[in-house]
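Report on the structure given below.
Here the structure is a predicted model, which is why all the values come from computation and not from measurement. We're numbering straight along the sequence, starting at 1.
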Amino acid sequence: MGSTAARTYLAFHHNAKLYKLSAVVSAITPFPALEETNKLLFKNGTDNDFAVVTDQTIFHPQGGGQPSDEGVMTKGDDIVFPSPLVLTPKASHFPDSAACEFQGSIEGKWKEPIQQKVDEYIDKAMPVEVDFWDEDDFRKNGLERLIPDRSLAPPGEKFRVVKIVGAEVYPCGGTHVDNHGFVW
């Protein structure tokens, strides 16, 4: 049976620079009581852990190659709950490619040209913009091939897209720098 709980508002989708956010806890469930499919969302969940559901969050879950954020949840000045902050910036989007995953090896002769192209994009400090599109927006922009599976967004909600200005637009729920000049 499906849950009737309201969906958590993903505040990091709208403002990736939030480091603090007040939220209301709507549920606390012992890890052993979670449905098996929900347990799979946690890499290191143990019988001593709890799933805490809030009305909104700044924590990005692991997904799409991005590690989960870590930080703390507090109640007043008394209680601190560690929550598995990504301190290491990483780049996984480059113009014309939403992600790069290689199986096997790349010939050594390609290392320098690939690195030069990546450095070129970083040196351009290409701005990154976030928007929300429906299927018609993808079609209007000639990007039908990028329309995500409708099941990935709740009914009536648009898909989050990231535009690397001067390159292309990609559906993406991850966090991003303001421009490529911040990649180091």
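- Looking only at side-chain heavy atoms (C-beta outward), T57 and L10 come within less than 4.5 Å of each other.
- At distances below 3.5 Å, at least one donor-acceptor pair connects side-chain atoms of T8 with backbone N or O atoms of T54.
- Judged by distance alone, with hydrogens and angles left aside, the side-chain atoms of D134 form a donor-acceptor pair with the main-chain N or O of D136 at under 3.5 Å.
- Atom CZ of R150 sits about 3.5 Å away from atom CZ of F159, to the nearest 0.5 Å.
- The residues E135 and R139 are annotated as not salt-bridged, no charged nitrogen and carboxylate oxygen being separated by less than 4.0 angstrom.
- When all heavy atoms of M126 and V165 are compared, the pair lying nearest together is CE-O, 3.5 Å.
- The cluster map of Ile, Leu, Val, Met, Phe, Trp and Tyr, joined by side-chain heavy atoms under 4.5 Å apart, puts F50 and V25 in the same cluster.
- To the nearest 0.5 Å, atom OG1 of residue T46 and atom CG of residue D49 are 3.5 Å apart.
- Annotation for L34 and K39: closest pair O-CE, 3.3 Å, computed over non-hydrogen atoms.
- The heavy-atom pair separating G142 from E144 by the smallest distance is C-OE1, 3.4 Å.
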Inset, instruction - Report the C-alpha separation of V162 and V128 in whole Å, then their side-chain angles, then the decisive distance to 0.1 Å, and conclude whether the side-chain contact (heavy atoms from CB on, under 4.5 Å) test is met. - result: CA-CA 7 Å; V162 174; V128 177; 3.5 Å; yes
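- A pairwise comparison of heavy atoms in A23 and Q56 identifies CB-O, 3.5 Å as the closest pair.
- The NZ atom of K158 lies 5.0 Å from the CG atom of D137; values are rounded to the nearest 0.5 Å.
- Aromatic pair W133/F138: ring centres closer than 6.0 Å.
- Take D47 and apply the salt bridge (Lys or Arg N to Asp or Glu O under 4.0 Å) test, not counting sequence neighbours, and it matches no residue.
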Inset, instruction - Start with the C-alpha distance between S26 and D55, add both sets of side-chain angles, then the distance that settles side-chain contact (heavy atoms from CB on, under 4.5 Å), and finish with yes or no. - result: CA-CA 7 Å; S26 57; D55 65 334; 5.8 Å; no
Inset, instruction - Give the C-alpha distance, both sets of side-chain angles, the deciding distance and a yes or no for side-chain hydrogen bond (donor to acceptor under 3.5 Å, both in side chains) between E112 and Q116. - result: CA-CA 6 Å; E112 189 175 327; Q116 285 175 348; 3.2 Å; yes
